[in-house]
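Some notes on the structure that comes next.
As the structure is a prediction and not an experimental result, all values here were calculated from the model. Atom set for the values below is all heavy atoms of this structure, side chains included, hydrogens, waters and symmetry mates excluded.
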Amino acid sequence: MSTPIPVAAAYSSGRTVYLSGAEETMRRYPQLAVALPYAFGSCSVPVGAGEETFGALAIVWAASPGSEGLSNAQRRHVRTVANRLGASLAALRARTGDPVECGPQTIPAETPAPSPPAVRAGLFDWDLVTGTFTVDDEFCAIFGLDPRAFDGRTQTLTSCLHPGDRNVLRAAARVAAAEGRVSARRLRIRDRRDGGEGYRTVELWGRAPETAGARARTHLVGLVIDAHVGNAAVAAVERLRDGVLSLAHDGRVTYANHSALRLLGVRGDELLGRFLSDVLPWLSDPDVEYRHRSAMISQAPVSFLACRPPDRWLAFSLHPQADGVTGRVVPLAHPSSTSTPSASTAETATAGTPARLGVMYHVLQLGSALTEAVTAREVCEVVSDQLLPAFGGQQLAIYVVRDGTMHLLFHTGHHEDFLDWLEGVPLHAHLPGTETLTSGAPFFIESQQDLAQGYPGIPTGEVSSWAYLPLIASSHPVGTCVLGFDEIHRFTQKDRGVLTALAGLIAQALERARLYDSEFALARGLQQALLPHRLPVVPGIRTVARYLPGTSGMDIGGDWYDVIPTGSGVALVIGDVEGHSIAAAATMAQLRSAVRAFAAVGHTPGDVMAGANRTLIDLDPGLLASSCYIHFQPDSHHAYAVTAGHPPTPAPPSRCDDQRP
């Protein structure tokens with residue numbers, strides 16, 4: 001919960017975090033504003049009871065220009081709701097004794113507008129020997145029968161069917177007895193609703209399990225599915241001349257009528273299950289994503305214009321609900337001169353490869369995340385997480401220069417042997433991974449044929465396109481970052497410019513991280529060398545030590561421990577020098593040596609600590625130190641303890657008697 005986002009800050013501080021709009025969000029939480037690139041306001045309130053905080057309640061809304069956010073009364077209401085929730089969670093824990101924890105699969109509760117069921121299903125058990133049916137109420141409702149009056153006879157059900165389908169039901173019984181299952185048998189049922197005398201189609205699905213101890217199948221169990229309501233709704237939408245789309249909450253298209261496909265100029269199998277921007281390059285504009293996200297957050301309709309190449313203008317409107325968005329598309333013969341198109345122009349639409357939605361935000365997030373990456377591994381993971389989805393790649397490898405040769409530092413992707421041939425090759429080799437580094441220019445190879453022409457003999461594997469980016473920091477070659485694409489990828493001029501610029505950013509971050517890794521390894525090695533490698537063997541006493549860093553990062557420093565045999569027993573020492581640096585480690589080494597020297601000549605615990613204190617004063621490192629020294633005498637079962645540098649504790653015992661034998 002240390003992540004710099006409002007909900008985490010509310011949880012950690014126990015205070016309400018209120019952001020009225022996009023400007024305040026960007027000022028106080030710039031990384032969050034980059035990650036969620038649309039104007040929004042939020043109010044995050046801690047949820048707890050008494051001194052304990054269980055979590056935080058967050059409310060987010062679309063913040064249009066000039067919006068005022070929440071009023072004071074609304075903020076008080078949010079805090080009241082959070083307090084009630086905290087009290088309820090505390091009461092639940094008191095009643096059950098279980099801790100209040102968040103389940104990893106917990107999802108937001110959605111309350112879409114109520115609607116009649118599009119599909120009805122009725123269950124049945126058909127005795128194939130006697131011909132009788134055992135059914136539920138829904139089954140009777142589908143057939144138009146009274147559940148209380150249904151006699152269970154096959155003849156009663158067949159009387160509800162179209163005369164041409166009565167043999168279909170009997171044939172289903174024979175198939176079930178022979179094959180054990182029936183799938184999607186269509187039956188026409190007389191539709192007497194609203195006084196009509198027509199028919200509607202249902203589907204019969206069933207399975208006939210074998211009777212125990214016998215091969216004959218005597219029962220067919222299954223269900224009848226009535227999708228008439230859903231089919232009627234689809235048919236009505238298909239008759240509209242306006243385009244109608246259904247988008248999932250993440251923006252993927254789940255339905256498009258024929259008019260929408262005609263207006264967009266795309267086939268249904270190309271569009272369903274995908275983002276509009278992935279299929280239609282003229283909609284690959286961040287503003288389209290902004291509109292969709294704003295609609296989902298505000299739950300208010302939004303609209304925008306887009307130009308389908310070469311010059312056909314379309315008007316889009318998005319109508320949100322909690323479970324998704326319904327989109328409407330209509331042609332616009334003459335767009336208003338005051339309307340500014342918000343999607344891409346025809347020039348963008350003719351680009352070789354559709355730009356992925358929100359590429360600029362992946363790039364911004366990459367730059368923001370690289371500032372927080374400390375180690376080389378963290379830098380590589382940030383590059384992988386942001387660069388691959390931004391440009392649609394499937395493979396990424398980062399090679400670094402060490403002793404004049406290339407060595408793999410990081411790889412991700414499903415091709416394990418991606419660029420194995422680059423490992424260990426010298427910088428002067430005639431290979432794209434080395435020449436991009438020596439020349440300082442990125443190489444973009446769009447097909448296996450292009451690679452074979454320029455570099456014959458290089459194995460291509462299952463990768464079809466490559467981007468080789470030189471990583472050069474302060475005129476110093478750091479390494480090469482390679483993106484691989486399973487399908488042929490056409491690099492636009494914008495792609496090439498962005499990737500070239502990012503190469504320098506990645507190189508600077510990687511060089512800084514490698515320097516950190518080297519300093520960290522040196523400091524950690526120094527600290528480990530100063531700590532005892534093995535503990536002395538003292539008769540009658542077994543000593544065990546374990547050393548673990550309390551935090552991540554460069555936090556080596558001045559912690560130490562020691563076991564020192566003395567003439568009358570053994571001394572146990574734990575100490576800490578202020579700070580986490582090489583200077584702290586050096587001071588620790590000098591104090592440890594001083595303590596060992598004073599203890600070895602038989603000084604009392606108090607004299608040992610006094611001598612170590614004088615040593616620290618003489619060294620004048622500008623650092624504070626603290627220590628605990630215990631002298632244990634196994635023969636007398638006595639232990640004498642002294643602390644130094646710590647705040648005094650109430651009545652500290654100067655002598656501990658161990659009464660155990």
Side-chain angles (χ1 to χ4, degrees), residues 36 38 40 60-62 107-121 200-201 203 225-308 312-332 341-344 349 354-358 389:
L36 301 176
Y38 52 93
F40 66 94
V60 182
W61 62 89
I107 59 175
E110 298 179 350
T111 55
S115 61
V119 178
R120 303 171 66 185
R200 69 183 191 278
T201 302
E203 288 186 356
I225 299 176
D226 180 7
H228 174 75
V229 177
N231 292 336
V234 171
V237 174
E238 290 294 341
R239 286 191 288 268
L240 293 175
R241 301 195 64 178
D242 293 350
V244 178
L245 302 167
S246 179
L247 308 179
H249 65 277
D250 63 352
R252 298 180 188 272
V253 179
T254 58
Y255 170 77
N257 69 351
H258 288 295
S259 296
L261 298 176
R262 175 178 54 81
L263 291 171
L264 298 177
V266 67
R267 300 195 314 270
D269 58 345
E270 297 175 330
L271 187 61
L272 295 182
R274 303 182 65 187
F275 298 103
L276 287 170
S277 59
D278 286 341
V279 183
L280 305 170
W282 47 277
L283 285 180
S284 61
D285 190 285
D287 191 57
V288 176
E289 181 184 29
Y290 168 85
R291 303 284 180 160
H292 175 262
R293 290 186 175 183
S294 295
M296 288 299 297
I297 289 179
S298 65
Q299 291 293 289
V302 299
S303 60
F304 60 93
L305 301 179
C307 178
R308 174 187 165 186
R312 186 170 191 183
W313 288 93
L314 300 175
F316 290 77
S317 58
L318 304 179
H319 303 268
Q321 283 289 337
D323 56 348
V325 173
T326 296
R328 179 171 172 262
V329 187
V330 295
L332 193 65
S342 56
S344 301
R356 294 183 61 82
L357 188 61

### Query
Tell me, do P331 and L263 make a side-chain contact under 4.5 Å, heavy atoms counted?
yes
### Task
Using a 4.5 Å cut-off on heavy atoms from C-beta on, say whether the side chain of L314 contacts that of W282.
yes
### Task
Please confirm whether the backbone N or O of V244 pairs with a side-chain atom of N257, one donor and one acceptor, at under 3.5 Å?
yes
### Task
Please name all residues satisfying side chain to side chain donor-acceptor pair (under 3.5 Å) with R241, sequence neighbours left out, ordered by chain then number.
none
#### Entry: L261: partners by side chain to side chain contact (heavy atoms under 4.5 Å, CB included), with sequence neighbours left out
A256, V266, L271
### Message
With a 4.5 Å cut-off on side-chain heavy atoms, are L318 and F304 touching?
### Response
yes
### Query
Would you say the side-chain atoms of S246 and T326 include a donor-acceptor pair closer than 3.5 Å?
no
### Query
Got a sec, which residues hit side chain to side chain donor-acceptor pair (under 3.5 Å) with S317, two or more places apart in sequence or on another chain?
H319
### Query
Between V330 and F316, is a side chain to side chain contact (heavy atoms under 4.5 Å, CB included) present by the stated rule, with each step listed?
CA-CA 7 Å; V330 295; F316 290 77; over 6 Å; no
### Task
Using a 4.5 Å cut-off on heavy atoms from C-beta on, say whether the side chain of L245 contacts that of L264.
yes
### Query
What's the verdict on side chain to side chain contact (heavy atoms under 4.5 Å, CB included) for Y255 and L247, showing C-alpha distance, side-chain angles and the deciding distance?
CA-CA 7 Å; Y255 170 77; L247 308 179; over 6 Å; no
### Task
Working to the nearest 0.5 Å, report the span between CG of L272 and CZ of R252.
12.5 Å
### Query
Any donor-acceptor pair under 3.5 Å linking the side chain of S259 with the backbone of L240?
yes
### Summary
The reported gap from CD in E270 to CG in L280 (rounded to nearest 0.5 angstrom) is 9.0 Å
